[in-house]
Asker: 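Please read through the structure below; I'll follow up with questions.
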Amino acid sequence: MARLAQTAGLTDVQQEILSTVRDFVDKEIIPVATELEHRDEYPQAIVDGLKELGLFGLMIPEEYGGLGESLLTYALCVEEIARGWMSVSGIINTHFIVAYMLKQHGTQEQKDHFLPRMAAGEIRGAFSMSEPALGSDVSAITSKAVRDGDGYVLTGQKMWLTNGGTSSLVAVLVRSDEGHPEGTAPHKSMTTFLVEKEPGFGEVRPGLTIPGKIEKMGYKGVDTTELIMDGLRVPADRVLGGVTGRGFYQMMDGVEVGRVNVAARGCGVAQRAFELGVRYAQQRHTFGKPIAQHQAIQFKLAEMATKVEAAHAMMVNAARKKDSGERNDLEAGMAKYLASEYCKEVVEDAFRIHGGYGFSKEYEIERLYREAPMLLIGEGTAEIQKMIIGRRLLEEYRFQG
């Protein structure tokens with residue numbers, strides 16, 4: 001086993017789960033990832049394999065048919081999967097966030113109805129917060145829900161849904177002014193709705209359309225879509241938690257663990273880039289010796305390995321903080337910020353080590369070079385992370401003068 005990115009203090013069960021996932025990645029994902037990615041093909045066989053391994057229920061409690069594992073275990077599994085192909089980890093992540101939100105905030109009826117089928121992989125989750133003109137300003141959401149009899153009518157356009165087409169359950173954040181007087185802070189008048197739909201594209205239920213896949217530079221294979229609601233009727237019992245006005249806090253809780261996930265993805269992609277770089281450096285010869293023996297390349301490898309190790313340590317710390325029940329927005333923000341930035345740098349260094357061959361689609365590093373930028377913006381840009389970190393630091397180190 002490689003020395004980098006090891007995690008101390010794991011239980012035998014955690015080690016067994018990680019070993020199983022690592023073997024699956026090496027045998028079932030890495031050999032086919034680049035070919036599938038170039039075709040932008042959904043990795044159905046890989047997803048079916050993950051379903052058999054029980055990974056769709058990894059953090060869902062045992063009482064609902066899941067494995068009941070910790071966020072740390074989940075993050076370490078995501079790290080391994082992203083090392084094989086980052087798109088696959090995205091398929092798992094959005095499902096996981098919806099399951100986590102249900103576990104933490106759902107009514108008992110909602111948990112009983114959804115979680116067992118989510119654990120079995122029969123229901124696939126996606127969550128929808130962003131909008132075309134929104135960016136990072138969640139308070140500017142314009143999609144809305146209006147009370148109508150025993151339910152609600154939802155209208156609006158959402159953007160950047162991972163699993164938008166393949167999912168059958170979407171957690172959608174909209175404005176809901178019912179019971180909230182004029183002048184109420186925007187984040188206190190938002191509600192999360194649990195919207196069930198048929199997988200696919202086009203009109204997937206009356207009033208709900210998934211137009212099609214958004215073409216992307218990287219992060220291919222997984223479907224990224226818009227979601228258009230035009231008179232979408234949703235019963236009142238599909239308000240997450242049963243009470244309106246709590247959607248912003250529910251979504252932010254989900255995004256917080258999602259940031260640990262994105263940090264884990266950055267760690268996994270960086271590890272793979274390092275593996276490719278250090279291997280190629282020992283195979284490629286210039287001036288009569290492997291380029292790994294040139295001091296300039298050794299310096300580059302040293303920097304890459306140090307960044308892999310540092311990002312992994314911060315990701316593990318953020319996951320353990322959340323598992324302990326403590327607030328972890330500072331640690332999650334730091335981990336997401338550092339891991340995504342370091343991932344980009346490690347991938348670029350591996351790309352440089354490959355020289356001209358790194359520009360060829362024959363080499364895996366070309367795919368990683370296109371995938372890494374998504375991590376810089378997913379679950380909040382670097383600037384958003386720095387705002388969160390800065391505010392939390394000022395809370396922790398408030399000057400008493």
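Heavy-atom basis, side chains included; hydrogens, waters and symmetry copies ignored.
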Asker: Just checking Q283: does its CD atom have more than 12 heavy atoms from other residues, nucleotides or ligands closer to it than 6.0 angstrom?
Answerer: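 Enclosed.
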Asker: Tell me whether T191 contacts the main-chain N or O of G245 through its side chain, where contact means a donor paired with an acceptor under 3.5 Å.
Answerer: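 Such a contact is found between T191 side chain and G245 backbone.
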Asker: How many angstroms lie between atom CG of L72 and atom NZ of K322, to the nearest 0.5 angstrom?
Answerer: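 The NZ atom of K322 is 14.5 Å from CG of L72, to the nearest 0.5 Å.
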Asker: Taking atom CG of L169 and atom CG of N163, what is their separation to the nearest 0.5 Å?
Answerer: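 It is 11.5 Å, given to the nearest 0.5 Å.
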Asker: Would you mind reporting whether K321 and L330 have side-chain heavy atoms less than 4.5 Å apart?
Answerer: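 No; the side chains remain at least 4.5 Å from each other.
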Asker: Hey, what do you get for CD1 (I97) to CE (M59), rounding to the nearest 0.5 Å?
Answerer: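 Answer rounded to 0.5 Å: 11.0 Å.
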Asker: Does the side chain of E364 come within less than 4.5 Å of R367's, by heavy atoms?
Answerer: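 Sidechains of E364 and R367: in contact.
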Asker: What's the verdict on side-chain contact (heavy atoms from CB on, under 4.5 Å) for L76 and M315, showing C-alpha distance, side-chain angles and the deciding distance?
Answerer: CA-CA 9 Å; L76 294 175; M315 179 271 291; 4.1 Å; yes
Asker: For the side chain of Q282 and the backbone of P290, is there at least one donor-acceptor N/O pair under 3.5 Å apart?
Answerer: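 A pair under 3.5 Å: no.
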Asker: Looking at T94 and A126, what are the two nearest heavy atoms and their distance?
Answerer: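 Nearest pair, atom of T94 first, then A126: CB-CA, 4.1 Å.
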Asker: Are the side chain of K220 and the backbone of K216 linked by a donor-acceptor contact shorter than 3.5 Å?
Answerer: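 Yes, because the side chain of K220 sits within donor-acceptor range (under 3.5 Å) of the backbone of K216.
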Asker: I need the full list of salt bridge (charged side-chain N to carboxylate O under 4.0 Å, His left out) pairs touching residues 6-15, with sequence neighbours left out, sorted by first then second residue.
Answerer: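 Every candidate salt bridge (charged side-chain N to carboxylate O under 4.0 Å, His left out) pair involving residues 6-15 fails, so no pair, neighbours aside, qualifies.
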Asker: Could you list the donor-acceptor pairs under 3.5 angstrom formed between side-chain atoms of residues 344-351 and any protein atom two or more places apart in sequence or on another chain?
Answerer:
{"residue": "E345", "atom": "OE1", "partner": "K307", "partner atom": "NZ", "Å": "2.7"}
{"residue": "E348", "atom": "OE2", "partner": "R352", "partner atom": "NE", "Å": "3.3"}
{"residue": "E348", "atom": "OE2", "partner": "R352", "partner atom": "NH2", "Å": "2.8"}

Asker: Between Q110 and G241 (side chain of the first, backbone of the second, donor and acceptor by atom type, cut-off under 3.5 Å), is there such a pair?
Answerer: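 Yes, because the side chain of Q110 sits within donor-acceptor range (under 3.5 Å) of the backbone of G241.
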Asker: Taking everything shown except R391 itself, do over 12 heavy atoms lie less than 6.0 Å from its CZ?
Answerer: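 Atom CZ in R391 is not crowded, with 12 or fewer foreign heavy atoms closer than 6.0 Å.
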Asker: Please confirm whether the backbone N or O of G207 pairs with a side-chain atom of D230, one donor and one acceptor, at under 3.5 Å?
Answerer: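 No; zero donor-acceptor contacts below 3.5 Å.
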Asker: May I have all residue pairs that pass ring pair (Phe, Tyr, Trp, His ring centres under 6.0 Å) and include part of residues 299-346, sequence neighbours excluded?
Answerer: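 Sorted pair list comes back empty.
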Asker: E28: what forms a salt bridge (Lys or Arg N to Asp or Glu O under 4.0 Å) with it, not counting sequence neighbours?
Answerer: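 With neighbours one apart ignored, the set is empty.
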Asker: Starting from the C-alpha separation in whole Å, work towards a yes-or-no answer on side-chain contact (heavy atoms from CB on, under 4.5 Å) for T142 and R175.
Answerer: CA-CA 7 Å; T142 59; R175 303 189 72 82; 5.5 Å; no
Asker: In sequence, state the C-alpha distance, the side-chain angles, and the governing distance for T286 and H294, and then conclude on side-chain hydrogen bond (donor to acceptor under 3.5 Å, both in side chains).
Answerer: CA-CA 9 Å; T286 62; H294 295 297; 3.0 Å; yes
Asker: Can you tell me if S19 uses its side chain to pair, donor with acceptor, with the backbone of Q15 under 3.5 Å?
Answerer: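 Absent.
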Asker: If only atom types and distance count, is the side chain of E41 paired as donor or acceptor with the main-chain N or O of G221 below 3.5 Å?
Answerer: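 Not a single qualifying donor-acceptor pair exists.
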Asker: Check whether any side-chain N or O of D323 sits under 3.5 Å from a backbone N or O of S70 as a donor-acceptor pair, and report yes or no.
Answerer: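 No: the side chain of D323 does not pair with the backbone of S70.
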Asker: Look up atom CZ in F24 and atom CG in L55, then write down how far apart they are to the nearest 0.5 Å.
Answerer: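 If we round to the nearest 0.5 Å, F24:CZ and L55:CG are 8.0 Å apart.
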Asker: With the threshold set at 4.0 Å, does a side-chain nitrogen-carboxylate oxygen contact exist between E379 and R259?
Answerer: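 Looking at R259 together with E379, the answer is no, because their closest N to O distance does not fall below 4.0 Å.
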Asker: Do any pairs count as a salt bridge (charged side-chain N to carboxylate O under 4.0 Å, His left out) and have a residue in residues 73-84, sequence neighbours left out, and if so which ones?
Answerer: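 Matches after skipping sequence neighbours: R22-E80, D26-R83, E80-R83, R83-E275.
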Asker: Heavy-atom distance under 4.5 Å between the side chains of L173 and S128, does that happen here?
Answerer: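 The answer is no, as the side chains (C-beta and beyond) never meet within the 4.5 Å cut-off.
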Asker: With rounding to the nearest 0.5 angstrom, report the CG to OG distance, L227 to S130.
Answerer: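 Going from the CG atom of L227 to the OG atom of S130 covers 12.0 Å.
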Asker: Does E16, at its CD atom, have more than 12 non-hydrogen atoms belonging to other residues, nucleotides or ligands within less than 6.0 Å?
Answerer: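 No.
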Asker: Are L276 and Y363 side-chain neighbours, meaning at least one heavy-atom pair lies under 4.5 Å?
Answerer: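 No, their side chains stay 4.5 Å or more apart.
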Asker: Would you list the pairs meeting salt bridge (charged side-chain N to carboxylate O under 4.0 Å, His left out) in which at least one residue belongs to residues 85-114, sequence neighbours left out?
Answerer: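 Non-adjacent pairs meeting salt bridge (charged side-chain N to carboxylate O under 4.0 Å, His left out): E109-R238.
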Asker: Output, in order, the C-alpha distance, side-chain angles, deciding distance and verdict of side-chain contact (heavy atoms from CB on, under 4.5 Å) for I92 and H95.
Answerer: CA-CA 5 Å; I92 294 286; H95 174 88; 5.9 Å; no
Asker: Using salt bridge (Lys or Arg N to Asp or Glu O under 4.0 Å) as the criterion, list what pairs up with R284, not counting sequence neighbours.
Answerer: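 With sequence neighbours excluded, R284 shows a salt bridge (Lys or Arg N to Asp or Glu O under 4.0 Å) to no residue whatsoever.
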Asker: If every non-hydrogen atom of G231 is compared with every non-hydrogen atom of T155, which pair is closest and at what distance?
Answerer: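 Heavy atoms of G231 and T155 come nearest at N-OG1, 3.9 Å.
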Asker: For E63, check side-chain contact (heavy atoms from CB on, under 4.5 Å) against everything at least two apart and list the hits.
Answerer: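 side-chain contact (heavy atoms from CB on, under 4.5 Å) check on E63 returns P61.
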Asker: May I ask you to test the I141-K158 pair for a side-chain heavy-atom distance under 4.5 Å?
Answerer: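 Yes, side chains in contact.
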Asker: Please check if any side-chain donor atom of T166 sits under 3.5 Å from a side-chain acceptor atom of R124, or the reverse.
Answerer: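 Judged by distance alone, the side chains do not pair up.
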Asker: Keeping E226 on the side-chain end and I210 on the backbone end, is there a donor-acceptor pair under 3.5 Å?
Answerer: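 No, E226 side chain to I210 backbone: no donor-acceptor pair under 3.5 Å.
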Asker: Students often mix this up, so state it plainly: with edges at 30° and 60°, are the rings of H354 and Y280 parallel, tilted or perpendicular?
Answerer: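 Judged by the thresholds at 30° and 60°, the geometry between H354 and Y280 is parallel.
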Asker: Are the side chains of I91 and I46 in touch, meaning some heavy atoms are under 4.5 Å apart?
Answerer: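 They are not in contact (no side-chain heavy atoms under 4.5 Å apart), so the answer is no.
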Asker: For residues 193-247, pull every pair meeting ring pair (Phe, Tyr, Trp, His ring centres under 6.0 Å), keeping only residues two or more places apart or in separate chains.
Answerer: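 Listed by first then second residue: Y152-F193.
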Asker: Under the rule for ring pair (Phe, Tyr, Trp, His ring centres under 6.0 Å), what residues qualify as partners of Y42, not counting sequence neighbours?
Answerer: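 Result, ring pair (Phe, Tyr, Trp, His ring centres under 6.0 Å) vs Y42: none returned.
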Asker: Crowded around R39 CZ? As in, over 12 foreign heavy atoms under 6.0 Å?
Answerer: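 Yes, because the 6.0 Å sphere around CZ of R39 holds more than 12 heavy atoms from other groups.
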Asker: Judged by atom type as modelled, is there a donor-acceptor pair below 3.5 Å linking the side chain of Q6 to the main-chain atoms of L4?
Answerer: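 It does hold such a pair.
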Asker: Thinking salt bridges, do R327 and E395 make one under a 4.0 Å N-O criterion?
Answerer: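 Looking at R327 and E395, the cut-off is met.
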Asker: Under the criterion side-chain contact (heavy atoms from CB on, under 4.5 Å), I'd like the reasoning laid out for I384 against T381: C-alpha separation, chi angles, the key distance, then a yes or no.
Answerer: CA-CA 5 Å; I384 289 294; T381 63; 3.5 Å; yes
Asker: Using a 6.0 Å cut-off, check whether atom CZ of R392 has over 12 heavy atoms from anything other than its own residue.
Answerer: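 Check passes, neighbour count above 12.
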Asker: Can you check whether L67 reaches V13 side chain to side chain, under 4.5 Å on heavy atoms?
Answerer: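 Sidechains of V13 and L67: no contact.
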Asker: Among pairs that include at least one residue of residues 139-156, which meet salt bridge (charged side-chain N to carboxylate O under 4.0 Å, His left out), considering only residues two or more places apart or in two chains?
Answerer: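 Those involving residues 139-156 are D148-R233.
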Asker: Are K197 and S167 packed together at the side-chain level, in the sense that at least one heavy-atom pair is separated by less than 4.5 angstrom?
Answerer: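 Yes - at least one pair of side-chain heavy atoms lies under 4.5 Å apart.
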Asker: Drop me the distance from M190's CE to S143's OG, to the nearest 0.5 angstrom.
Answerer: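 Between M190 CE and S143 OG, I get 10.5 Å after rounding to 0.5 Å.
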Asker: Is the shortest distance from a Lys or Arg side-chain nitrogen in D329 or K336 to a carboxylate oxygen in the other one below 4.0 Å?
Answerer: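 K336 and D329: not salt-bridged.
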Asker: Does anything in residues 57-85 pair up under ring pair (Phe, Tyr, Trp, His ring centres under 6.0 Å), and if so which pairs, sequence neighbours excluded?
Answerer: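 As it turns out, the ring pair (Phe, Tyr, Trp, His ring centres under 6.0 Å) pairs with a partner in residues 57-85, which skip direct neighbours, are Y74-F96.
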